[in-house]
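Quick notes on the structure that follows.
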There are 2 protein chains.
Amino acid sequence: MTPVHLPDRFGGVRLVAVSTNTIRRFSIYRRLLLPLLRDGRTRICSHEIAALAAVGAAQVRRDLMSLGSTGASGRGYDIQRLVESIGTVLDGDTPQRAALVGLGHLGRAILNHFNGRRPNLAITAAFDVRTDRIDRVILGCRCYHLDALPKVVAEEGITLGILTVTTGAAEDVATRMIEAGILGILNFAPIRLRIPRQVHIENLDMTTFLETVAFFARP
Amino acid sequence: MTPVHLPDRFGGVRLVAVSTNTIRRFSIYRRLLLPLLRDGRTRICSHEIAALAAVGAAQVRRDLMSLGSTGASGRGYDIQRLVESIGTVLDGDTPQRAALVGLGHLGRAILNHFNGRRPNLAITAAFDVRTDRIDRVILGCRCYHLDALPKVVAEEGITLGILTVTTGAAEDVATRMIEAGILGILNFAPIRLRIPRQVHIENLDMTTFLETVAFFARP
DNA sequence: TGTTGTGAATCTCTTCACAGCT
DNA sequence: AGCTGTGAAGAGATTCACAACA
């Protein structure tokens, strides 16, 4: 779906199309590979990744194909190399920074969840409009008034926005984010944002998830 | 994908296959229809739903087909009827109850998010192992020690579990949930649970979402 | 005229199956 | 013997396009 430039095995560059689903699975693969790497494992085969990720082995091999030839026939994949290759795709060559807007329960939970975990992808600033939530450090993150968004985004080179405000405020805050130059938004508010241009929106609607489980788990 | 029994327009019962994606969209459609209904709107056409939900109009009509004939050619859909029909599919005929395990930041955020919103789908009990988090009421929800899970699940007829514990504890807690008789789990821990049987798992991995936005929003 | 309901076509994603490498 | 990489087949989801309807 989306074209990506990847180094090939000869030091050149390949252009590959990668689908959203594959990107999601890359994120999953990497996360389950990292602990194995720390435990000293060096090689793994597609079947084992498949079992850990709860997908098919052919699916895993198909996904890993778009990383360029990283496996060795008959011997599986080198975990270290796999993690690096996935990193090349997911992380790109420059670290990215995110701004979180909305310091309610959910916003704090997310700060807490991501804090200090990944150096390539950190939430470096948070915003709200309530005075008791700004001009201080919450869970290791500096908090500003929403009006400071354009300034801080520009100064820190922030490219991502995390939207954890109420439904009513979401549309307005999204617009402000985009005006400030943000390129992608992770939206927790239960509405579909109407966006002007080529900004990427990922909707994470917890209610939809809960209703979906409820449906499939009916007695 | 999954067969559902629905009332047809003659008072009989139809058996229709509904895919996961359609279920997710039903949840979205209903949420955007409810405010319109409260504003006194009575009719809506597929194009308008499509615009609000950010999907195609043909997609909307295709989805609504599985509700049985609810639209009227040339005049759109009756919103009231639509909401009821979607409710028939999503809510079934009995209310469902959920138990949340893990009263950290994320657990509290979720309690806060769902509290009192939907009568058909409520979190009626929460669990943890830390003594400062149990035997009290947090955000309107009664909190118990994890050991009380089987008892409370049985007494209250709980069918759903929400998993907001650490990665290390997730597998064990999921097993306990299933042993207690829970039929579906909404898992926020960033691992793929290995589940014995026909329990439905929905994984909501925030890191995967953030990494996905980061990928598609690269400068 | 404007809109639904739907067969058919298209597009996308997943799985199969096996040649080729180690 | 065991595993990767991949063309081809299969399954699934989306979109097109239009007849039937109000």
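The basis for the numbers below is simple: all heavy atoms, side chains too, and nothing from hydrogens, waters or symmetry mates. In the text below, chain A, chain B and the rest are named by the order of the sequence lines, each starting its count at 1.
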Is any side-chain heavy atom of [X] less than 4.5 Å from a side-chain heavy atom of [Y]?
| X | Y | result |
| --- | --- | --- |
| A:Val213 | B:His200 | yes |
| A:Leu64 | A:Leu82 | yes |
| B:Leu34 | B:Arg38 | yes |
| B:Leu90 | B:Ile23 | yes |

Review point. Considering the terminal five base pairs at each end of the helix from C:dT1-D:dA22 to C:dT22-D:dA1, what angle separates the two local helix axes, rounded to 10°?
Key: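 End-to-end axis angle for the helix from C:dT1-D:dA22 to C:dT22-D:dA1: 0°, rounded to 10°.
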Point to revise | 5'-most by nearest nucleotide on DNA chain C - A:Asp63 or B:Ala58 | key: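 Nearest nucleotide further toward 5': that of B:Ala58.
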Practice item. Decide, yes or no, whether a salt bridge links B:Asp205 with A:Arg24 under the criterion of side-chain N to carboxylate O below 4.0 Å. Key: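 No.
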Review point. Hey, are B:Asp91 and B:Arg118 close enough for a salt bridge, meaning a charged N less than 4.0 Å from a carboxylate O?
Key: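 Between B:Arg118 and B:Asp91 there is no salt bridge, as every charged N stays at least 4.0 Å from the carboxylate O atoms.
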Have [X] and [Y] got a donor and an acceptor in their side chains that come within less than 3.5 Å?
| X | Y | answer |
| --- | --- | --- |
| A:Thr88 | A:Ser85 | no |
| A:Arg31 | B:Thr208 | yes |
| A:Glu156 | A:Thr124 | yes |
| B:Arg108 | B:Thr164 | no |

What is the distance from [atom1] of [X] to [atom2] of [N], rounded to the nearest Å?
| X | N | atom1 | atom2 | answer |
| --- | --- | --- | --- | --- |
| B:Leu67 | C:dG5 | CG | C1' | 13 Å |
| A:Gln59 | D:dA11 | CD | C1' | 13 Å |
| A:Asn21 | D:dA13 | CG | C1' | 12 Å |

Check your understanding: Hey, can you pull the residues of residues 22-36 of chain A with a non-hydrogen atom under 4.0 angstrom from DNA chain D?
Key ->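 Per residue number, the list is empty: none.
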Practice item. With sequence neighbours excluded, tell me which residues meet side chain to side chain contact (heavy atoms under 4.5 Å, CB included) with A:Gln80. Key: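 For A:Gln80, the residues satisfying side chain to side chain contact (heavy atoms under 4.5 Å, CB included) (neighbours in sequence not counted) are A:Leu37, A:Asp78, A:Glu84.
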Tabulate protein N/O versus nucleotide N/O from nucleotides 7-10 of chain C, keeping only pairs under 3.5 Å, one per line.
{"unit_1": "C:dG7", "atom_1": "N7", "unit_2": "B:Arg62", "atom_2": "NH2", "d": "3.4"}
{"unit_1": "C:dG7", "atom_1": "O6", "unit_2": "B:Arg62", "atom_2": "NH2", "d": "2.6"}
{"unit_1": "C:dA8", "atom_1": "N6", "unit_2": "B:Arg62", "atom_2": "NH2", "d": "3.2"}

Practice item. If a pair satisfies side-chain hydrogen bond (donor to acceptor under 3.5 Å, both in side chains) and one of its residues is in residues 46-57 of chain B, list it, with sequence neighbours excluded. Key: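 Listed by first then second residue: B:Arg41-B:Glu48, B:Ser46-B:Arg61.
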All N/O contacts under 3.5 Å from nucleotides 1-5 of chain D to the protein, with atom names and distances to one decimal?
{"unit_1": "D:dG2", "atom_1": "N2", "unit_2": "A:Gly74", "atom_2": "N", "d": "3.3"}
{"unit_1": "D:dC3", "atom_1": "O2", "unit_2": "A:Gly74", "atom_2": "N", "d": "3.2"}
{"unit_1": "D:dT4", "atom_1": "OP1", "unit_2": "A:Ser46", "atom_2": "N", "d": "2.8"}
{"unit_1": "D:dT4", "atom_1": "OP2", "unit_2": "A:Ser46", "atom_2": "OG", "d": "2.6"}
{"unit_1": "D:dG5", "atom_1": "OP1", "unit_2": "A:Ser69", "atom_2": "OG", "d": "3.3"}
{"unit_1": "D:dG5", "atom_1": "OP1", "unit_2": "A:Gly71", "atom_2": "N", "d": "3.1"}
{"unit_1": "D:dG5", "atom_1": "OP1", "unit_2": "A:Gly71", "atom_2": "O", "d": "3.4"}
{"unit_1": "D:dG5", "atom_1": "OP2", "unit_2": "A:Tyr77", "atom_2": "OH", "d": "2.9"}
{"unit_1": "D:dG5", "atom_1": "N7", "unit_2": "A:Arg61", "atom_2": "NE", "d": "3.0"}
{"unit_1": "D:dG5", "atom_1": "O6", "unit_2": "A:Arg61", "atom_2": "NH2", "d": "3.0"}

**Study point:** A:Arg176 to A:Phe127 six-membered ring, cation-pi geometry met (6.0 Å, 45°)
**Key:**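 The answer is no; the distance or angle limit is not met.
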